[in-house]
Number of protein chains: 2
Amino acid sequence: MVTARNTREDVIAAAGRLFAARGYHGTSMRDLGRELGLHGSSLYSHVTSKEDLLVAVVERGAERFEQSAEEALGSSDAPAERLRALIAGHIDVVLDHTDEAKTFLDEARSLEDPARRHIRDARNTYEKRFRAVIADGVSSGEFAPETDPKIATIFVLSILNAVERWYDPDGELDRAALVDEIWQFAITALTSS
Amino acid sequence: MVTARNTREDVIAAAGRLFAARGYHGTSMRDLGRELGLHGSSLYSHVTSKEDLLVAVVERGAERFEQSAEEALGSSDAPAERLRALIAGHIDVVLDHTDEAKTFLDEARSLEDPARRHIRDARNTYEKRFRAVIADGVSSGEFAPETDPKIATIFVLSILNAVERWYDPDGELDRAALVDEIWQFAITALTSS
DNA sequence: CCTACCGATCGGTAGG
DNA sequence: CCTACCGATCGGTAGG
């Protein structure tokens with residue numbers, strides 16, 4: 001059996017790879033065809049436009065993060081533990097679905113407006129999950145009373161979203177240790193006054 | 001006196017604006033010409049190539065950050081205060097030279113290799129300034145002994161580099177308060193065990 | 001998924 | 001800084 005034909009999912013996965021590596025505008029349909037071993041024009045039997053591809057990749061990224069947050073919040077632990085679960089889930093998405101995560105984080109701005117707004121909303125929803133947990137911790141007295149949940153959330157997400165830019169999966173710091181470092185940093189900042 | 005001719009500096013400034021807003025690959029030389037009120041081909045009397053422009057903008061960004069760090073470290077205060085000065089300086093660069101800062105942070109990856117390496121080095125040098133201050137704080141006992149200066153530096157810079165993505169200069173949080181929030185968050189995480 | 005294209009746009013040059 | 005271009009490449013279509 002020779003190599004089978006590509007599916008739409010194959011095309012989207014390859015697009016994620018290239019968009020993450022070179023950016024949306026830095027990737028041509030012919031580049032993408034080459035990556036899959038077919039002609040650029042043949043891609044149009046799988047997608048209707050280049051932007052259609054960006055939408056698909058970014059949307060998958062958004063779903064991964066959203067699903068991760070929902071699972072993390074399944075437990076009814078204390079705020080500190082729920083924050084830990086959110087952090088661990090976020091890192092899993094970034095490390096297990098790097099291309100989608102990177103494209104979601106860095107290339108969504110190239111989307112045109114219906115999709116763009118939808119992704120903006122998804123991002124806000126995700127952010128609210130973190131904010132609610134932090135606000136809970138402040139209310140319960142577990143976190144410091146001066147904490148501004150909105151700003152603290154931005155800071156934690158800033159750390160999480162930057163991971164793709166520096167973390168080396170083959171380096172000395174393994175995944176569990178990475179989660180631990182981030183959690184420790186965040187929880188210390190949130191707990192002490 | 002009618003509008004004077006554009007200088008090379010005008011061209012670089014306009015390029016910074018467009019690169020920051022739409023990305024390097026999302027900006028064409030004709031877009032840039034339009035921004036300046038001249039033909040795309042006329043830009044070549046000021047620059048030798050499109051990448052020449054990216055190099056110029058990114059290089060200016062790197063210089064701003066480097067200069068800011070040097071000034072911040074002029075004082076011989078305690079580590080916590082020197083970290084504060086580094087943070088304040090970084091925020092000044094981001095808010096006063098937003099286009100250069102954004103292009104430096106987000107578009108440097110589109111550089112080809114001599115310039116690319118040079119920028120990577122500049123980034124590492126800048127990072128080392130932060131790391132040295134944090135390491136000093138650990139040595140002096142001012143910061144918690146478990147602190148890993150390398151990782152703590154990455155976390156602080158992650159927060160700083162994300163500012164351009166969410167901060168609204170016309171919002172409720174003014175510059176001094178922004179610096180204060182970041183510093184408080186960082187110093188708390190670094191100080192407590 | 002290929003062949004054969006399309007018009008538009010790209011970065012860039014020559015010669016004023 | 002303009003005019004007049006260049007070859008290459010772009011996203012995309014028609015018709016198998």
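Remember, it's a predicted structure, so these values are computed and weren't measured experimentally. In the text below, chain A, chain B and the rest are named by the order of the sequence lines, each starting its count at 1.
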Problem set entry | Nearest-angstrom distance from the residue atom OH of Tyr44(B) to P of dC1(D) | 15 Å
Exercise. Taking atom P of dC1(C) as reference, at what distance in whole Å does atom CG of Leu32(A) sit?
Worked result: 12 Å
Exercise. Salt-bridged, Asp52(B) to Arg8(B), with N to O below 4.0 Å?
Worked result: yes
For this session: Using the ring of Phe65(B) (Phe, Tyr or Trp, six-membered ring only), decide whether Arg123(B) places NZ or CZ under 6.0 Å from its centre and within 45 degrees of its axis.
Result: no
For this session: Return the value, rounded to whole Å, for the distance between atom NZ of Lys50(A) and atom P of dT13(D).
Result: 15 Å
Problem set entry | Length of the line joining Leu18(A):CG and dG11(D):C1', which is rounded to integer Å | 16 Å
Exercise. Out of dC1(D), dG11(C), dT3(C), which nucleotide sits closest to the side chain of His46(B)?
Worked result: dC1(D)
Exercise. Does the side chain of Ser45(B) get closer than 4.0 angstrom to OP1 or OP2 of dC1(D) through an N or O atom?
Worked result: no
Exercise. If you check every side-chain atom of Ser42(A), which of dG12(D), dC2(D), dC2(C) has the closest atom?
Worked result: dC2(C)
Would you list the protein and nucleotides 7-9 of chain D atom pairs, both N or O, that sit under 3.5 Å from each other?
none

For this session: For Ser49(B), answer base if it contacts any base atom (sugar-phosphate contacts may also be present), sugar-phosphate if it contacts only those atoms, and nothing otherwise; contact means non-hydrogen atoms under 4.0 Å.
Result: sugar-phosphate
Exercise. How many Å lie between CG on Leu43(A) and C1' on dC2(C), as a whole number?
Worked result: 12 Å
For this session: For side chain to side chain contact (heavy atoms under 4.5 Å, CB included), just list the numbers for Val94(B) and Tyr167(B), CA-CA rounded to whole Å, side-chain angles, deciding distance to a tenth of an Å, and then say yes or no.
Result: CA-CA 10 Å; Val94(B) 169; Tyr167(B) 182 70; over 6 Å; no
For this session: Tell me the stems DNA chain D sits in, counting at least three consecutive Watson-Crick or G-U wobble pairs, each under 3.5 Å on both distances.
Result: C:1-16 with D:1-16
For this session: Answer yes or no: is there a side-chain heavy-atom contact under 4.5 Å between Ile119(B) and Glu59(B)?
Result: yes
Problem set entry | Carboxylate-amine/guanidinium proximity below 4.0 Å for Glu112(A) and Arg116(A) | no
Exercise. How are the rings of His90(B) and Phe130(B) set relative to one another: parallel (under 30°), tilted (30 to 60°) or perpendicular (over 60°)?
Worked result: perpendicular
Seminar exercise, completed: Atom CG of Leu54(A) and atom P of dG12(D) are separated, to the nearest Å, by 12 Å
For this session: Run the salt-bridge test on Arg175(A) and Asp96(A) with the 4.0 Å N-O cut-off and return the result as yes or no.
Result: yes
Problem set entry | OP1 or OP2 of dA4(C) under 4.0 Å from side-chain N/O of His39(A) | no
For this session: Using the closest heavy atom to pick a nucleotide of DNA chain D for each, name whichever of Ser41(A) or Asp31(A) lands nearer the 5' end.
Result: Asp31(A)
Problem set entry | Rounded distance in Å - CE (Met29(A)) to P (dG12(D)) | 6 Å
Exercise. Quick check, are the ring centers of His25(B) and Tyr24(A) under 6.0 angstrom apart?
Worked result: no
Problem set entry | Separation of atom CD in Glu35(A) from atom P in dC1(C), rounded to whole Å | 14 Å
For this session: Please determine if Lys102(B) and Asp99(B) form a salt bridge, counting it only when a charged side-chain N lies under 4.0 Å from a carboxylate O.
Result: no
